[in-house]
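First up is the structure itself, then whatever we jot down about it.
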Amino acid sequence: VGAVCVYPDRVMDCKRFLGEEIPIAAVATGFPAGQIKHEHKLHEIRQAVADGAKEIDIVISRKLALAGEWEELARELREFREACGTAHMKAILATGELTELWRVRKASMVCMEAGADFIKTSTGKEKENANLEVSLVMCRAIRDHYQRTGVRVGFKPAGGIRTAKQALQYLVLIKETLGDEWLQPSLLRLGASTLLTDIERQLFHCAFGCYPANHEMPLP
């Protein structure tokens with residue numbers, strides 16, 4: 001488990017139960033749509049960090065990306081990065097709402113140049129979430145950024161990854177595009193809210209040679 005991701009008001013509850021055993025990530029900046037004032041976004045980040053979040057998942061302004069206001073988007077992101085302090089910042093692009101692949105690449109580059117530690121495909125709430133096409137574009141952007149700056153940025157596909165077989169496709173894509181170094185929790189995460197159940201099914205199959213019935217699953 002790379003981290004447990006919760007809403008900002010649940011960070012303290014999560015920390016009370018988990019302690020320091022598993023890092024806590026908090027969504028912020030008006031997740032999932034980002035439709036709150038900028039100063040409220042900054043306050044949400046700072047409060048989550050103060051409560052104990054080690055990672056902050058911010059959502060970019062799709063309005064700015066769609067309008068091509070890249071400098072303003074970069075300014076916002078730099079302020080988010082500063083508000084995160086020592087916490088890692090994961091920038092969610094919401095690729096299903098960016099409409100074109102060139103815009104996905106541009107948004108990826110702006111996020112990385114503004115200091116994002118990870119770029120992430122989706123909130124999981126969009127109509128179109130992670131897919132291999134946008135993931136390849138984002139991974140190539142990460143590779144180009146690393147070759148230009150020497151800075152490694154992590155990648156997280158999220159939303160729509162429901163089976164272990166789908167997860168393996170992403171692992172192959174990342175290995176072939178970015179190399180083995182990116183197959184570590186420090187540089188790779190998978191959004192596993194719905195994936196977890198199938199992983200448990202596959203582990204059951206490995207142990208007993210058959211798939212479990214629903215009543216044998218902890219999370220049916």
Side-chain angles (χ1 to χ4, degrees), residues 1-7 23 25-34 55-62 65-66 73 77 80 88-112 114 116-146 152-202 219:
V1 177
V4 173
C5 192
V6 297
Y7 280 96
V27 293
T29 64
F31 177 92
E55 302 177 5
I56 301 295
D57 288 30
I58 64 96
V59 289
I60 72 165
S61 170
R62 278 78 103 191
L66 290 169
L73 178 61
L77 289 165
F80 293 161
H88 283 188
M89 184 176 87
K90 301 204 292 291
I92 306 172
L93 273 59
T95 55
E97 296 180 357
L98 296 184
T99 70
E100 296 180 78
L101 292 176
W102 71 264
R103 193 174 281 112
V104 171
R105 177 182 169 82
K106 179 66 176 179
S108 299
M109 299 304 292
V110 170
C111 289
M112 291 187 287
D117 298 290
F118 265 77
I119 54 174
K120 177 176 172 182
T121 59
S122 319
T123 65
K125 311 296 184 184
E126 292 90 52
K127 187 175 181 180
E128 176 99 17
N129 293 293
N131 61 48
L132 294 172
E133 188 175 35
V134 297
S135 295
L136 179 60
V137 170
M138 293 173 70
C139 285
R140 285 180 174 174
I142 289 171
R143 182 183 63 192
D144 292 347
H145 180 74
Y146 172 64
R152 293 182 177 87
V153 174
F155 175 61
K156 180 177 179 179
I161 304 174
R162 299 181 180 277
T163 68
K165 292 181 177 67
Q166 285 179 304
L168 286 172
Q169 293 177 328
Y170 285 91
L171 293 179
V172 170
L173 183 151
I174 292 158
K175 176 181 173 67
E176 293 188 349
T177 307
L178 295 171
D180 290 347
E181 284 183 277
W182 264 264
L183 297 177
Q184 309 297 327
S186 59
L187 289 171
L188 171 64
R189 303 287 176 79
L190 296 176
S193 300
T194 53
L195 174 60
L196 178 59
T197 298
D198 191 60
I199 290 175
E200 291 175 333
R201 289 180 69 249
Q202 301 303 329
L219 294 173

Pairwise side-chain contact, [X] with [Y], heavy-atom cut-off 4.5 Å (strictly under):
X: Val110; Y: Lys106; answer: yes
X: Val153; Y: Tyr146; answer: no
X: Lys175; Y: Asp180; answer: yes
X: Thr177; Y: Ile142; answer: no
X: Ile174; Y: Phe155; answer: yes
X: Glu128; Y: Thr95; answer: no
X: Val137; Y: Ser108; answer: no

Looking at every heavy atom in both [X] and [Y], which two are closest together, and how far apart are they?
X: Arg103; Y: Ala65; value: NE-O, 3.4 Å
X: Ala114; Y: Leu77; value: CB-CB, 3.6 Å
X: Gln202; Y: Ala164; value: CG-CB, 3.9 Å
X: Arg62; Y: Ala94; value: NE-CB, 3.3 Å
X: Phe118; Y: Pro185; value: CZ-O, 3.9 Å
X: Thr121; Y: Ser135; value: CG2-OG, 4.1 Å

Counting N and O atoms only, with roles assigned by atom type, does the side chain of [X] sit under 3.5 Å from a partner on the main chain of [Y], one being a donor and the other an acceptor?
X: Thr29; Y: Val59; answer: yes
X: Asp198; Y: Arg201; answer: no
X: Arg189; Y: Leu187; answer: no
X: Asp57; Y: Lys90; answer: no
X: Asn129; Y: Glu126; answer: yes

Distance, nearest 0.5 Å, that separates [atom1] of [X] from [atom2] of [Y]:
X: His145; Y: Met112; atom1: NE2; atom2: CE; answer: 5.5 Å
X: Ile92; Y: Ile60; atom1: CD1; atom2: CD1; answer: 10.0 Å
X: Cys5; Y: Lys120; atom1: SG; atom2: NZ; answer: 5.0 Å
X: Glu176; Y: Cys139; atom1: CD; atom2: SG; answer: 11.5 Å
X: Arg140; Y: Leu173; atom1: CZ; atom2: CG; answer: 8.5 Å
X: Leu136; Y: Asn131; atom1: CG; atom2: CG; answer: 10.0 Å

Before giving the answer on side chain to side chain contact (heavy atoms under 4.5 Å, CB included), spell out for Lys156 and Leu190 the whole-Å C-alpha distance, their side-chain angles and the decisive distance to 0.1 Å.
CA-CA 5 Å; Lys156 180 177 179 179; Leu190 296 176; over 6 Å; no
